Amino acid sequence: MTTNTLLLLLLSLLIAGSLSYYHYFYKARSTAKINLFLAFLRFFTLFGLFVLLINPKITRTIFEIQKTPLAIVVDNSSSIVDLKAKETALELYQTLSSNAALKDKFELQSFQFDSQFQLSNSFSFKGTQTNIDEVAKNLKTINKNKTYPTVLLTDGNQTTGDDFVYSFDANNKVFPLILGDTTTSLDLKINQLNVNKYAFHKNKFPVEVFLSYTGNKTVAANFSISQGNSVLCKQTIAFSATKKSAVLNVLLPANTVGLQVFKAAITSVEKEKNNYNNVKNFAVEVLDQKSEIAIVSAINHPDLGALKRAIETNAQRKVTIVKPSDVKSLLDYNVLILYQPTAEFKSVFDGNKAAGINTFIITGNTTDFGFLNQQQSNFVFKMSNQKEDYLADFNTQFNLFAIDNIGFENFPPLQNAFGSITTTGNVTVLLQSKIRNIATNAPLLAFAENQGKRAAFLLGENCWKWRLQSHVDNQSYEKFDIFIDKIIQFLGSNDSKKSLVVNHERFYNSGESIEITAQYFNKNYEFDDKARLTISVTNNKTKQVKNYDLLKTTNTFKTNLDGLSAGQYAFTVKELTSKTAYSGTFEILDFDIEKQFVNPDVTRLKQLATQTKGAVYMPNQIESLIQKLIENEDYKAVQKATVKKIPLIDSVLLLILIVVSLASEWFIRKYNGML
């Protein structure tokens with residue numbers, strides 16, 4: 001309490017006493033006992049009010065001992081069980097956590113990790129992923145601005161996350177306690193397999209395989225990829241003490257449409273400690289790109305043959321050249337190429353209004369532009385009878401689909417009627433037209449999309465000359481044919497808007513996060529965040545059904561189906577209010593990444609210890625580790641003094657007493673007729 005506060009309290013005592021004396025003794029001129037009691041009540045009331053205003057406080061210093069944190073972090077992944085180190089891990093943890101000297105010196109913190117990091121003192125060793133990087137991130141947050149050691153009980157085999165060696169704070173020592181047998185044993189392993197998730201029917205798709213070998217003797221290994229009982233490829237690879245890895249590139253045929261599951265395997269006559277990592281299943285979804293294209297033309301022209309040959313270089317395309325009057329059913333075709341339409345095409349245009357087939361319109365010298373103005377709304381043509389040659393100018397900002405400039409500026413000109421072309425619809429231009437190097441600001445090749453229906457326009461004939469020039473420049477028709485194929489591919493797919501859009505993979509590996517997302521749109525195609533979405537998942541073999549709710553995130557609904565066993569599943573996502581539904585399938589492949597290891601990763605753990613100035617210990621060195629931690633002078637307890645200022649008197653209690661004092665004084669004066 002300060003001197004000023006003491007002086008104020010003395011002054012308050014003097015004022016309260018003086019006022020009480022003046023009112024009940026000097027003014028009343030009586031020394032009756034009742035006056036003495038009333039004077040005391042008045043004094044207490046006044047002095048209490050002054051004390052409330054002054055609010056005197058006393059200073060109190062609290063001393064506490066802060067120990068250095070010691071994080072004991074246990075690897076809870078299933079690889080600990082596979083390496084037969086579960087019992088060892090539990091014994092080591094018990095030894096550390098129950099050591100009296102460690103408890104006396106450190107504040108023990110007990111954690112576990114697999115794919116996630118959490119506080120725990122009991123361990124199941126059932127984690128399906130190992131993320132040591134999560135340990136580093138979380139300890140930095142929990143023990144922020146502190147110097148502390150970490151004892152890491154792990155095999156060091158990380159399966160997900162960033163590189164943990166450089167994730168830990170370099171100023172805080174990490175002491176890895178290695179779990180698992182470090183004795184090197186012979187092991188062949190499919191380290192990684194890269195393959196695209198999708199392939200096109202009747203094409204070949206590449207598979208890249210990384211193989212590794214642990215051992216010192218020369219081994220001849222057989223690698224194969226099979227589907228069912230059919231072996232699709234087989235190779236022999238030699239490994240030795242100097243050759244520890246191999247990379248294979250294989251082309252596999254996509255002969256069957258749908259989800260295709262393959263098995264890659266590596267074997268040898270040598271006995272291995274772990275055969276699980278010798279096999280890896282993978283899947284590819286083969287898409288059927290087969291499409292029927294009709295080239296509708298009332299005239300004969302070299303362009304027709306050039307287009308047919310270019311399109312049919314893709315084995316999935318079949319082209320039919322037909323006259324407008326001979327078209328029977330438009331539904332037999334996926335894309336219509338309308339070559340120089342005239343009034344003879346009226347039945348085709350009328351039929352396509354109902355069929356909604358995407359079109360590729362090519363104009364030229366015999367095109368009836370008046371008729372064409374009536375049949376489409378993307379361009380307005382005001383053309384004369386004069387012919388003109390138009391050169392191409394590539395638009396580098398085109399982004400509807402990936403396309404390279406194959407030398408369009410050097411191609412011969414296309415011929416079309418001279419006039420003005422005005423864009424009226426949603427049109428994206430790939431090639432602008434030029435007349436003798438003077439830009440016309442009119443399109444030469446453009447694409448339009450309206451309400452899910454797509455159209456392409458090539459405004460000029462003689463594209464056969466382009467194909468021929470491309471062959472002269474490249475000694476191959478390939479670049480031009482790919483250019484035409486991309487146009488057909490764009491026209492062959494519709495982007496129709498749906499009210500319920502569901503995103504999922506066709507296959508997952510066991511242990512991976514199985515996440516399905518969905519979006520629901522109202523009639524104005526606006527995201528509806530009030531939708532109620534559920535998903536029903538059925539195991540095709542056991543017929544077991546599980547139901548989940550999809551939870552709303554920022555702009556989508558999401559559910560996580562982790563925990564499902566390997567197998568084939570069918571699912572249905574349903575919006576409960578509108579009853580809109582989407583059905584699909586996926587397959588979970590049998591693959592446990594935690595079973596891929598035969599030894600702990602001693603090298604990486606040593607790098608981690610060196611990076612943090614710690615040290616690596618084996619299970620039989622646990623006592624040495626404990627002794628080192630106890631004797632380390634860097635980790636001393638700190639006495640922390642906390643200064644607290646607390647009120648001398650409880651203000652609420654004092655206020656109650658003041659009210660009681662005032663009330664008592666009033667009642668006594670009233671009772672004695674002194675009011």
Side-chain angles (χ1 to χ4, degrees), residues 75-79 81 111-120 123-135 137-138 141 157-162 197-198 259 261 280-283 285 498-521 527-578 580-596:
D75 188 339
N76 193 51
S77 63
S78 61
S79 64
V81 177
F111 303 100
Q112 72 171 30
F113 73 96
D114 36 56
S115 60
Q116 302 294 326
F117 178 89
Q118 59 185 346
L119 188 69
S120 177
F123 315 101
S124 64
F125 301 103
K126 293 182 179 179
T128 57
Q129 295 274 9
T130 303
N131 190 349
I132 304 177
D133 178 55
E134 277 292 305
V135 178
K137 292 177 181 177
N138 283 275
T141 303
N157 292 313
Q158 178 167 281
T159 60
T160 184
D162 297 331
K197 291 184 178 181
Y198 304 98
L259 186 66
V261 180
K280 182 167 286 190
N281 293 316
F282 64 98
E285 186 172 1
K498 301 176 182 178
S499 58
L500 180 60
V501 179
V502 180
N503 295 312
H504 66 97
E505 301 293 344
R506 288 297 306 273
F507 58 90
Y508 303 88
N509 286 322
S510 295
E512 286 184 347
S513 177
I514 304 174
E515 191 174 272
I516 294 180
T517 60
Q519 290 179 305
Y520 181 75
F521 301 93
F527 177 70
D528 187 354
D529 59 359
K530 296 180 181 179
R532 297 168 57 209
L533 299 180
T534 63
I535 181 172
S536 175
V537 181
T538 304
N539 186 306
N540 291 348
K541 184 177 181 181
T542 65
K543 304 303 179 185
Q544 183 182 8
V545 179
K546 292 186 177 182
N547 297 303
Y548 306 85
D549 289 326
L550 276 78
L551 303 179
K552 179 183 172 296
T553 58
T554 305
N555 57 358
T556 188
F557 292 87
K558 181 170 65 175
T559 188
N560 197 304
L561 305 179
D562 291 357
L564 296 178
S565 59
Q568 295 182 340
Y569 292 85
F571 71 92
T572 300
V573 177
K574 183 180 292 185
E575 202 286 312
L576 298 181
T577 303
S578 65
T580 305
Y582 171 90
S583 296
T585 61
F586 63 85
E587 183 171 353
I588 301 177
L589 304 180
D590 184 14
F591 175 75
D592 188 349
I593 194 170
E594 290 292 325
K595 291 184 178 180
Q596 301 298 304

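It should be emphasised that the depicted structure is a prediction, and the values quoted were computed from it without experimental measurement. We use all heavy atoms of the structure for the numbers below, so side chains are in, but hydrogens, waters and symmetry mates are not.
Contact between Ile588 and Ile514 at its shortest, heavy atoms only, is CD1-CD1, 3.4 Å. Shown here for Ser513 and Asn560, the closest heavy-atom pair between the two residues is OG-ND2, 3.2 Å. Nearest heavy atom pair, residue Asp133 against residue Asp162, reads CB-O, 3.4 Å. Between Thr141 and Lys137, the shortest heavy-atom distance links the atoms OG1-O, 3.2 Å. Minimum interatomic distance between Asn76 and Ser124 (heavy atoms only, all atoms of both residues): OD1-N, 3.0 Å.
Heavy-atom neighbours of Arg532 CZ from other residues, nucleotides or ligands within 6.0 Å: at or below the threshold of 12. Open room surrounds NZ on Lys574; 12 or fewer heavy atoms of other groups in view lie less than 6.0 Å from it. Environment of NZ in Lys558: sparse, with no more than 12 heavy atoms of neighbouring residues, nucleotides or ligands closer than 6.0 Å.
Looking only at side-chain heavy atoms (C-beta outward), Phe113 and Asp75 come within less than 4.5 Å of each other. For the pair Glu575/Phe557, no side-chain contact is recorded, criterion being any heavy-atom separation below 4.5 Å from C-beta on. Side-chain contact check for Thr159 versus Glu594: some heavy-atom pair is nearer than 4.5 Å. The shortest distance between side-chain heavy atoms of Val573 and Phe571 falls below 4.5 Å. Under the 4.5 Å side-chain criterion, counting only non-hydrogen atoms from C-beta, Leu564 is in contact with Phe586. Two residues are said to be in side-chain contact when any heavy atoms from C-beta on lie closer than 4.5 Å; Glu587 and Arg506 fail this criterion. Under the 4.5 Å side-chain criterion, counting only non-hydrogen atoms from C-beta, Leu533 is in contact with Leu500.
The distance from atom NZ of Lys280 to atom CD1 of Ile593, rounded to the nearest 0.5 Å, is 7.0 Å. For the atom pair Ile535 CD1 and His504 NE2, the distance stands at 8.5 Å (nearest 0.5 Å). Interatomic distance, Glu285 CD to Phe507 CZ, rounded to the nearest 0.5 Å: 8.5 Å. Separation of atoms OH (Tyr520) and CG (Leu550) is listed at 14.0 Å; rounding is to 0.5 Å. Taken from NZ in Lys546 to OG1 in Thr538, the straight-line distance is 11.5 Å, to the nearest 0.5 Å. Within the model, atoms CG of Asp529 and OG1 of Thr556 stand 12.0 Å from one another, a figure rounded to the nearest 0.5 Å.
No donor-acceptor contact under 3.5 angstrom links the side chains of Thr128 and Asp114, judged on distance only. There is no side-chain donor-acceptor pair under 3.5 Å between Asn131 and Ser115.
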When you look at Leu561 and Ile516, which way does the side-chain contact (heavy atoms from CB on, under 4.5 Å) test go after all the steps?
CA-CA 8 Å; Leu561 305 179; Ile516 294 180; 3.7 Å; yes

Where do Asn547 and Thr534 land on the side-chain contact (heavy atoms from CB on, under 4.5 Å) test, with the steps shown first?
CA-CA 7 Å; Asn547 297 303; Thr534 63; over 6 Å; no

Check against side-chain contact (heavy atoms from CB on, under 4.5 Å), Gln118 and Gln112
CA-CA 6 Å; Gln118 59 185 346; Gln112 72 171 30; 2.7 Å; yes

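For Asp528 (side chain) and Phe521 (main-chain N/O), no donor-acceptor pair under 3.5 Å exists by modelled atom type. Not one N or O on the side chain of Ser120 forms a donor-acceptor pair closer than 3.5 Å with the backbone of Phe111.
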